[in-house]
Undergrad: 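I'd like to ask you about the structure that follows.
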Amino acid sequence: IWGWPFAAGFVLLIVIHELGHGVVMRMMGIPAGAPTFIPFVGAVIAMKGRPRNAYVEAMVAFGGPVVGSMAAAVCLVLAWVLQSDFWMSLAFSGFMINLFNLLPISPLDGGRIVGAFSRKMWFVGFLIGIPAFLVSKSPLLFLILIVGLLGLLGRRHEPPGYFDIPQPVKVKIAVGYFALAAILASAASLSHVPTT
């Protein structure tokens, strides 16, 4: 509807999401590259080092959706102040990008987060993702499911102790994950404007 201005805003929301990962990577002592865009798929930020453990991996994964959600919230405020469907649509898109990324399937952020508190959640991701693909026929979701399945096979080779995180920390990560997902789902519902 809004052409290039909406496309530019959409891409900027993706960039901000990826920069959130980059900031946390640097905070955790992991060198980060620049965001790389993959046409029709999204973007990634190069991790030029390995996380020390699943906790660090989860914190890096949280960085994108948290910062990306803040950017979407700015769009929502602009939509309210300016009474603008343009900004409301950008807000909705931003919330949905970040909510989608919380699906518990690697390589999505959610898959990296849930691995820190329960690797069984990866199978929940497939229980959600496979029916979602069968209904949507989304090539992107199919690709994510295939990459996620291959990633599961590779996760068997993590260094010893990689997933050894104290139980109270696991609980905090789980609470943060489900709280962020609930906030994003509510924000997406709030910012959704039905088409007429």
Side-chain angles (χ1 to χ4, degrees), residues 1-27 31-48 59-113 125 128-129 132-133 135-148 176-196:
I1 296 171
W2 294 287
W4 285 107
F6 183 84
F10 188 85
V11 170
L12 185 59
L13 287 169
I14 293 172
V15 169
I16 291 169
H17 173 104
E18 293 304 325
L19 290 176
H21 290 307
V23 167
V24 179
M25 278 184 216
R26 298 219 170 141
M27 288 170 56
T36 303
F37 283 85
I38 304 164
F40 309 107
V41 174
V44 296
I45 192 160
M47 190 181 291
K48 297 185 174 182
M59 292 304 100
V60 169
F62 266 120
V66 168
V67 173
S69 299
M70 288 191 274
V74 168
C75 293
L76 183 59
V77 170
L78 286 170
W80 286 334
V81 169
L82 301 174
Q83 294 294 297
S84 166
D85 284 347
F86 170 82
W87 287 106
M88 189 64 80
S89 294
L90 272 179
F92 175 76
S93 298
F95 293 131
M96 288 304 294
I97 289 167
N98 291 288
L99 183 59
F100 178 79
N101 263 283
L102 287 182
L103 280 173
I105 304 169
S106 240
L108 297 176
D109 299 329
R112 298 180 181 282
I113 294 167
I128 296 168
F133 166 70
V135 170
S136 69
K137 308 282 192 285
S138 165
L140 175 60
L141 188 51
F142 179 73
L143 179 64
I144 287 168
L145 290 168
I146 295 299
V147 171
Y177 172 77
F178 289 111
L180 182 57
I183 290 166
L184 282 168
S186 299
S189 176
L190 180 67
S191 57
H192 181 257
V193 178
T195 56
T196 54

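This one's a predicted model, so the numbers in the text were calculated from it and none came from an experiment.
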Undergrad: Rounded to the nearest 0.5 Å, what's the gap from CG on L180 to CG on L102? Could you check?
TA: 5.0 Å
Undergrad: Please report the closest heavy-atom contact between A72 and A91, naming both atoms and the distance.
TA: O-CB, 3.6 Å
Undergrad: So with a 6.0 Å cut-off around CZ of F133, is the heavy-atom count from everything else above 12?
TA: yes
Undergrad: If I compare all heavy atoms of P104 with all of Y177, which pair ends up nearest, and what's the gap?
TA: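 Heavy atoms only, the tightest pair is CD-OH, 3.6 Å.
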Undergrad: Go through the steps to decide whether V81 and W87 satisfy the test side chain to side chain contact (heavy atoms under 4.5 Å, CB included), and finish with yes or no.
TA: CA-CA 10 Å; V81 169; W87 287 106; over 6 Å; no
Undergrad: Show the nearest heavy-atom pair for residues C75 and L13, with the distance to one decimal.
TA: SG-CD2, 4.2 Å
Undergrad: Output yes when a side-chain donor or acceptor of S189 lies under 3.5 Å from a complementary backbone atom of A185, and no otherwise.
TA: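 Not at all, since once roles are kept as given, no pair shorter than 3.5 Å links the two residues.
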Undergrad: If you take all heavy atoms of A32 and R26, which pair is closest and at what distance?
TA: O-NH2, 2.9 Å
Undergrad: Checking side-chain contact (heavy atoms from CB on, under 4.5 Å) between N98 and each of V66, L184, V67, I183, which is the one that passes?
TA: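 Looking at V66, L184, V67, I183, the match for N98 under the side-chain contact (heavy atoms from CB on, under 4.5 Å) is L184.
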Undergrad: Do R112 and S106 have side-chain heavy atoms sitting under 4.5 Å apart?
TA: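 In contact.
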Undergrad: Give the minimum heavy-atom separation between I144 and P107, together with the two atoms involved.
TA: O-CD, 4.1 Å
Undergrad: Within this structure, what is the CE-CD distance for the pair M88 and Q83, rounded to the nearest 0.5 Å?
TA: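 Separation between the atoms: 8.0 Å.
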Undergrad: Please give me the minimum heavy-atom distance between S191 and F95, naming the atom from each residue.
TA: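 Result for this residue pair: OG-CD1, 3.5 Å.
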Undergrad: So L108 and F100, side chain to side chain contact (heavy atoms under 4.5 Å, CB included) or not? Walk me through it.
TA: CA-CA 8 Å; L108 297 176; F100 178 79; 4.2 Å; yes
Undergrad: Distance check, rounded to the nearest 0.5 Å: I146 atom CD1 versus L141 atom CG?
TA: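 That separation rounds to 10.5 Å.
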Undergrad: What distance separates I14 CD1 from I16 CD1, expressed to the nearest 0.5 Å?
TA: 10.5 Å
Undergrad: Calculate, to the nearest 0.5 Å, the distance between atoms OG and CZ belonging to S69 and F62 respectively.
TA: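 Going from the OG atom of S69 to the CZ atom of F62 covers 11.0 Å.
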Undergrad: Is there a side-chain contact between H21 and P65, using heavy atoms and a 4.5 Å cut-off?
TA: yes
Undergrad: Between atom CG of D85 and atom CG of L90, what is the distance when rounded to the nearest 0.5 Å?
TA: 11.5 Å
